[in-house]
Amino acid sequence: MSYDFNTIEAKWQAYWADKGTFKAENNSEKPKYYVLDMFPYPSGAGLHVGHPLGYIASDIYARYKRHKGFNVLHPQGYDSFGLPAEQYAIQTGQHPAITTKENIARYREQLDKIGFSFDWSREVKTSDPKFYKWTQWIFIELFNSWYDQDTHKARSISELEELFSQEGNTKVNAVCDEDITEFTAADWSAFSVKEKQAVLLKYRLTYLAETEVNWCPQLGTVLANDEIVNGVSERGGYPVIRKKMTQWSMRISAYAQRLLDGLHTIDWPQPLKDSQTNWIGRSEGASVTFNVKDHEAVIDVFTTRPDTIFGVSFMTLAPEHELVSKITTPEQKAEVDAYVEATAKRSERDRMADVKTISGVFTGAYAEHPFTKEPVPIWIGDYVLAGYGTGAVMAVPCGDQRDYDFAKHFGIDIPNIFEGVDISEEAFADKDNTMIANSDFLNGLKYKKAVKTSIYELEKLGQGKGKINYRLRDAVFSRQRYWGEPFPVYYVDGMPQMIDLKYLPIQLPEVEKYLPTETGEPPLGRADIWAWDATKNEVVSNDLIDHATVFPLELNTMPGWAGSSYYFNRYMDADNEEEVFSQDAIKYWKEVDLYIGGSEHATGHLLYARFWQKFLFDRGVVPVDEFAKKLINQGMILGTSAIVYRISGSNKYVSKGLKDQYDVEELRVDVNMVNASDELLPEDLKNWQPQFEDAEFELENGKLIVGREVEKMSKRWFNVVNPDGICEQYGADSLRLYEMFLGPLEQAKPWNTAGITGVHNFLKKLWKLYHNGDEFGVTDAVPIKENLKTLHKTIKKVEEDIENFSFNTSVSTFMIAVNELTAQKCNAKAVLEPLLVLISPYAPHIAEELWSKLGHQESISTASFPEFEEKYLVESTKQYPISFNGKTRFTMELPLDLGKEDIEAAVMAHEKTQQQLAGRTPKKVIVVPGKIINIVG
RNA sequence: GCUGAAGUGGUGGAAUUGGUAGACACGUUGGACUUAAAAUCCAAUGUCCAUUAGGACGUACGGGUUCAAGUCCCGUCUUCAGUACCA
């Protein structure tokens, strides 16, 4: 009976689906364990072999944990709102919901073939109204909250109103907009409803604000910082410009410090934590206020080096700074205007590409040094970024290289305030190893002391204070797109109003086209039925808008990260229609124990999800403030492209070894045509594409050998390998084993289909081990010692491997075990039965099949992982006495697979042992089979 | 520039964390079986010297610590990833 993997796999996949084998219960005697994958965006291209890598790893771990007696939650779903479906809709008119549905069906089919132990009864789709009802609800919760810096948590907005009516806003220490004016309790009660709403909006955790945004004209939308790569849009690579728009924003900056602190409590990869730390960008320093001479205006700057304040010889404002137009003198106006205009025109990309050119213009205005009262010239320069700090710097050329270069370039003074330091060539940025000089009260002080003293003196003057600045900006939450969550928001007299949970979800309206309108409004501006009747509480036709009872609805939609910021919690109670999830469910599952996914989400999804989790924690919705205890980034699987060499100007192809004799062009060809020896059959190439029909060949040793290149798996390189094909040809178990066998989970590694025969042969050998010819061959024979040694060594190794997530080495361990047991002619059930449980997480289908042949009625997933019994590994005790010439000379720890005989043989065989042992007791003996390597001590 | 990770056969990668370097697999070569192919099985496979026995050298490069270094320390080089005028 041969190993018929296609039949076996189809049989068990149907069995698992039918019996609901992997359905998790929300209560159990067993301890819980939650294993999660980052849910996929269902793209039209389907899965390639790189996509399931992380899913296979998490599936192995989930199945392992079930064997270890845990109640395992292992769900899957789809991040199904997004740009590609919308782009496709714009081009074809096809509704994105239809495209998305088709893509999901295709994904599901592909996923099912690999034999994952997902609990599909909990499936979520972010584009499903049943799901985005709760996305809208969380948005409303954010709207109804503010951040209290005294208690370090988000609180209900009604508590804030209470505070305002009792004591105004002067004592409230909230994270809020900067343009807050103070008011008393009396003022508050005198405010109109609209005025109150306007004030509260400045405090809410999600708020409307005129913000300068990254506008991408080609995509017709706003992009978040993490959606921009090298100054162009991540998707499409289109240029991005700065533009002011009224947008919803999320006050994530309120959580900057807690997002940093939380990193210490979670087991995530260090590089990922580092990039979040950099992204949040905490820096300690001081804010300093400079008065502008002959103006009412002041310039606030942030500096990390208040100790160098006496080294200030000029100030620089970002060209976009609001004071520029106010303070520029008439003489300088023309030059300044020209410069401002020039920088605005320059795209972000140009500005980044050229960081070396120094440019700037003097405004003609002067600020006053807070201590010396000397005039400080005010310049503008594009090396100062409007988006960081206050968009203005106090320039200390002797201590900062950029200020130094600027000063040199424009011939500005470079006063030296460092003791015994030469600054004739470059700035001195080293904080330590010097003392401050020429600085009045700071003279002779070292960095730390000087910082403290300078802040103290600034505070005395009322012109500065210690400050912690974060690079993290509030996150823009509006997108001018169709295929996203609609906001549950309508506008009365220009003020946003939330729609009550009772009437959610507010579903996406139908539109004729998915493009922005001619007047530049988002696609929802095309909807005819998109107004809110506040009496009937339903969406009605725009024609009915009367601004008394029927109002316009928000036209923007939410960004891609909205749904992915809490979906992991929704899985816990995915069908709940009353609540986002029940408190019972969330208190039982609490958080994700193991989260596996790509590192590209470091500063996007993973930061936003942590932010929402902390918010929901503050509001008592979730019991823990970090959503994932442990996270692993799986490495990308790369493609191994195949290259043929065409003699330039001809249609003749030469084998790789001959290419240097000619002037050749390289052409990528479909990797699936190439065999394990890099050989390509000329016939296959001729049949592949019409351009090769008449191809001629020059072979080496009768073969056409292709060149290889490792690069990202992509259609354009013809190096995409599809998992369905692999499953058909070798089976899902082979695919699963091979993906693990390729190398360490976290590492990037190239795919090469040829190598899969190794693991495939292993499965065939495994099958044979349980069979005797055509008969099932497992017996009740008593296992011999060697059998047990092999089994227990394998248990120990595999368990260690899984706990350490080194899945690649356990595949080798299985191969060794099966080879050994085959050589030992083992057919003992006592060995072969537990061995199946070990292999089952990796190759579940074959394990189920053999398990049922052993007479089990239940799925192997209910079996418990075998215990490792040390006694079969070593003869007696760990400290084993070694006798020599009839006398016990020393005891030693035995290597795992060595017995007493091995050691004694080694000792006897070692010529020098007698001399070495004469008169001393060795501390340690290094022994390998048949040989003593060294005696120490 | 900064931060992080890593350099081991023809290839992917092992190495109980300081103890036989190259497990396991691919590929290659030879052999068995077969009319043939596929499949399967057996053997060899780091480099160099030697007919053999055996020996020398070997984990990017140069030093060091140690009875013992791929592993620890110092210096150099290279590659990959992330980030970038952050005041």
Side-chain angles (χ1 to χ4, degrees), chain A residues 2 229-230 269-275 277-279 281-283 285 288 301-306 308 315-316 318 351-352 354-358 381-385 387-396 399-403 405-406 429 469-472 599-600 602-603 633 635-636 640 675-679 708 710 737-738 741-744 746-762 764-765 768 793 796-797 800 806 808-817 819 893 895-897 916 922-937:
Chain A
S2 64
V229 178
N230 296 327
Q270 198 55 43
L272 197 155
K273 288 188 185 181
D274 289 347
S275 72
T277 306
N278 291 337
W279 193 261
R282 177 193 155 107
S283 46
V288 184
V301 301
F302 173 74
T303 177
T304 53
R305 297 292 304 274
T308 63
M315 303 192 70
T316 315
R351 221 162 135 175
M352 255 183 229
D354 132 61
V355 294
K356 285 171 202 94
T357 318
I358 296 164
D382 68 359
Y383 81 96
V384 176
L385 305 174
Y388 182 77
T390 58
V393 299
M394 56 173 232
V396 183
D400 182 287
Q401 195 57 44
R402 290 156 307 169
D403 296 344
D405 294 341
F406 195 89
N469 192 58
Y470 298 92
R471 196 188 84 127
L472 184 70
S599 56
E600 66 273 19
T603 52
N633 290 130
M636 207 191 324
T640 316
N675 76 5
S677 326
D678 292 352
E679 187 187 346
R708 293 293 203 172
V710 171
L737 283 169
Y738 190 50
F741 183 72
L742 278 178
E746 290 99 327
Q747 194 176 300
K749 51 223 168 248
W751 176 271
N752 191 350
T753 304
I756 201 171
T757 52
V759 292
H760 189 62
N761 282 340
F762 155 73
K764 287 198 236 177
K765 285 184 198 169
K768 270 194 189 165
K793 159 174 102 175
K796 182 168 192 271
K797 184 69 166 58
E800 279 170 7
S806 358
N808 54 328
T809 47
S810 29
V811 179
S812 298
T813 308
F814 292 139
M815 292 180 179
I816 295 167
N819 284 339
E893 203 173 311
L896 259 187
D897 45 1
Q916 291 203 5
K923 280 187 184 135
K924 195 169 186 189
V925 182
I926 311 302
V927 188
V928 298
K931 187 168 151 195
I932 288 194
I933 300 161
N934 207 349
I935 295 179
V936 185

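Below, all heavy atoms of this structure are taken into account, side chains as well, without hydrogens, waters or symmetry copies. What you see is a predicted model, and the numbers here were worked out from it, not measured in a lab. Quick note on labels: first sequence line is chain A, next is B, and so on, each numbered from 1.
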Nearest-angstrom distance, C1' atom, B/rU79 to B/rA60: 10 Å
C1' gap between B/rA23 and B/rG13, integer Å: 10 Å
Residue list, side chain to side chain donor-acceptor pair (under 3.5 Å) with A/Asn278, at least two apart or on another chain: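 Applying side chain to side chain donor-acceptor pair (under 3.5 Å) to A/Asn278 gives none.
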Set of residues satisfying salt bridge (charged side-chain N to carboxylate O under 4.0 Å, His left out) with respect to A/Arg471, sequence neighbours excluded: none
A/Lys797: partners by side chain to side chain donor-acceptor pair (under 3.5 Å), with sequence neighbours left out: A/Asp801
Pairing partner (Watson-Crick or G-U wobble, both distances under 3.5 angstrom) of B/rA38: none
Donor-acceptor under 3.5 Å (A/Thr303 side chain, A/Arg305 main chain):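 Side chain of A/Thr303 to backbone of A/Arg305, a donor-acceptor pair under 3.5 Å: yes, one is there.
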Nearest listed nucleotide, side chain of A/Asp382, among B/rA23, B/rA87, B/rC85: B/rC85
Nucleotide N/O to protein N/O under 3.5 Å, stretch nucleotides 28-31 of chain B:
{"from": "B/rU28", "atom 1": "OP1", "to": "A/Ser677", "atom 2": "OG", "distance (Å)": "2.4"}

Donor-acceptor contact below 3.5 Å, side chain A/Thr640 vs main chain A/Trp751: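 Yes.
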Distances under 3.5 Å between protein N/O atoms and the N/O atoms of nucleotides 2-12 of chain B, please, pair by pair.
{"from": "B/rG12", "atom 1": "O2'", "to": "A/Leu742", "atom 2": "O", "distance (Å)": "2.6"}

Side chain to side chain donor-acceptor pair (under 3.5 Å) partners for A/Asp405, two or more places apart: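 In terms of side chain to side chain donor-acceptor pair (under 3.5 Å), with neighbours along the sequence ignored, A/Asp405 is linked to A/Gln401.
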Sequence-distant partners of A/Asp403, salt bridge (charged side-chain N to carboxylate O under 4.0 Å, His left out), two or more places apart: none
Distance, rounded to the nearest Å, where A/His760 contributes NE2 and B/rG27 contributes P: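 Going from A/His760 (NE2) to B/rG27 (P), I get 13 Å.
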B/rC77 and B/rG30, which share atom name P, separated by this distance in whole Å: 46 Å
Touch class at under 4.0 angstrom, heavy-atom based, for A/Asn752 against every strand present: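 If one applies the 4.0 Å heavy-atom cut-off, A/Asn752 turns out to touch nothing in the nucleic acid.
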Would you tabulate the pairs of protein nitrogen or oxygen atoms and nucleotide nitrogen or oxygen atoms of nucleotides 40-42 of chain B closer than 3.5 angstrom?
{"from": "B/rU40", "atom 1": "OP1", "to": "A/Asn761", "atom 2": "OD1", "distance (Å)": "2.4"}
{"from": "B/rU40", "atom 1": "OP1", "to": "A/Lys764", "atom 2": "NZ", "distance (Å)": "3.4"}

Spacing between A/Tyr738 atom OH and B/rC24 atom C1', to the nearest angstrom: 13 Å
Who pairs with B/rC57 - Watson-Crick or G-U, where each distance is under 3.5 Å: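 When the pairing criteria are applied, B/rG46 turns out to be the nucleotide that pairs with B/rC57.
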Nucleotide opposite B/rG7 in a Watson-Crick or G-U pair, distances under 3.5 Å: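 B/rC77 is the nucleotide pairing with B/rG7.
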Short side-chain N/O contact to B/rA87 OP1/OP2 from A/Arg471, under 4.0 Å: no
Gap in Å between the two P atoms, one belonging to B/rU34 and one to B/rA25, rounded: 27 Å
Strand partner of B/rA21, provided both Watson-Crick or wobble distances fall under 3.5 Å: none
C1'-based separation of B/rC41 from B/rG46 [nearest Å]: 26 Å
Sequence-distant partners of A/Glu800, salt bridge (charged side-chain N to carboxylate O under 4.0 Å, His left out), two or more places apart: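 So A/Glu800 forms a salt bridge (charged side-chain N to carboxylate O under 4.0 Å, His left out) with A/Lys796.
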Separation of the P atoms in B/rA5 and B/rG9, to the nearest angstrom: 23 Å
Qualifying residues under side chain to side chain donor-acceptor pair (under 3.5 Å), relative to A/Ser283, sequence neighbours excluded: A/Tyr388
Interatomic distance where CE belongs to A/Met636 and P belongs to B/rC80 [whole Å]: 14 Å
Distance in angstrom units between A/Asn819 CG and B/rA25 C1', rounded: 11 Å
B/rG62 and B/rC24, which share atom name C1', separated by this distance in whole Å: 34 Å
Who pairs with B/rU51 - Watson-Crick or G-U, where each distance is under 3.5 Å: none
Nucleotide forming a Watson-Crick or wobble pair with B/rG82, both distances under 3.5 Å: B/rC2
Between P of B/rC26 and CG of A/Leu737, the distance in whole Å: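 About 13 Å, once rounded to whole Å.
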Spacing between A/Asp405 atom CG and B/rG1 atom P, to the nearest angstrom: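 Between P of B/rG1 and CG of A/Asp405: 16 Å.
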All ring-ring contact (aromatic ring centres under 6.0 Å, His included) counterparts of A/Phe741, not counting sequence neighbours: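 Per chain and number, A/Phe741 pairs via ring-ring contact (aromatic ring centres under 6.0 Å, His included) with no residue.
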Between B/rU17 and B/rU71 - C1' atom distance, rounded Å: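 After rounding to an integer number of Å, I get 7 Å for this pair.
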Shortest side-chain distance from A/Tyr388, nucleotide among B/rG13, B/rC86, B/rC24: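 Comparing B/rG13, B/rC86, B/rC24 against the side chain of A/Tyr388, the answer is B/rC86.
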Those residues that, when tested against A/Phe814, pass ring-ring contact (aromatic ring centres under 6.0 Å, His included) (two or more places apart): A/Tyr842
Spacing of A/Glu746 atom CD relative to B/rG13 atom P, expressed in whole Å: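 From A/Glu746 CD to B/rG13 P: 13 Å.
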